[in-house]
Amino acid sequence: MTFYDKLIENNKNWVQNKLNIDADYFKKLAEGQSPPVLWIGCADSRVPANQIIGAQPGEVFVQRNIANMVIHTDMNMLSVLDYAVNALKVKHVIVCGHYGCGGVKAAMQNKSIGLIDNWLRHIKDVYRHHKAELDAIENETERFNRFVELNVVEQVFDLAKTSIVQNAWKNNQDLQLHGWVYGLDSGLIKDLQVNISNDSELDKVYQLNF
Ligand code: CO
């Protein structure tokens with residue numbers, strides 16, 4: 001039996017396990033959601049948002065794309081962010097990257113991969129902003145790891161620059177942004193301590209008045 005062939009059966013078993021613990025489990029979930037967290041992570045199959053932080057269905061609103069990017073022309077990301085902040089009123093937005101990220105690795109190199117080259121361009125821009133620091137790291141793995149971290153920090157600031165987040169702050173909404181990096185080989189998360197909860201850390205040109 002292939003992995004695919006087992007999926008529906010796995011689902012039935014999962015439902016049964018949940019119902020054994022709480023017969024109303026799905027009935028309650030169907031009533032609505034109020035997750036306190038929006039997760040913006042990499043699409044990588046090894047970084048499943050809920051599992052690595054022990055979260056249950058209903059607890060994390062999730063957006064995933066290649067290399068956990070926050071690109072302000074990405075309607076998907078903006079729509080998820082807008083709904084999470086303005087409708088669900090999440091209190092935390094976590095950008096979680098991961099060491100060994102294929103997207104970040106590809107952005108460090110020059111080989112054309114196809115359409116994705118255009119997505120990776122945004123990561124190359126991050127490299128350019130931090131070129132002095134990154135070029136000074138001789139060990140390639142260490143440089144790659146640092147690039148992963150700097151990319152996460154940049155995405156957190158890009159979140160802060162959005163009109164959605166700044167509008168929430170102007171309305172005194174409790175909204176904190178965070179940057180994390182997950183270790184594929186340890187399962188552990190490193191908090192980069194880039195916690196932003198107002199626009200004062202943004203360059204003046206990005207601060208919006210409403
Ligand atoms: Co990745």
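Both counts, for ligands and for their atoms, begin at 1 and track the order of listing. Owing to the predicted nature of the structure, the values given are computational and were not obtained by experimental measurement.
Around the Co ion (ligand 1), protein atoms of type N, O or S found under 2.8 Å number 3.
In this structure, a donor-acceptor pair under 3.5 Å is absent between the side chains of Glu149 and Asn145.
Contacts of Asp135 classified as salt bridge (Lys or Arg N to Asp or Glu O under 4.0 Å), with partners at least two apart in sequence or in another chain: Lys131. For Asp22, the salt bridge (Lys or Arg N to Asp or Glu O under 4.0 Å) partners are Lys28, not counting sequence neighbours. For Glu140, there are no side-chain hydrogen bond (donor to acceptor under 3.5 Å, both in side chains) partners at least two apart in sequence or on another chain.
Between Phe61 and Tyr83, the ring planes are tilted. Angles from 30° to 60° get that label.
Val95 has its side chain out of reach of Leu177: every pair of non-hydrogen atoms, C-beta onward, lies at least 4.5 Å apart.
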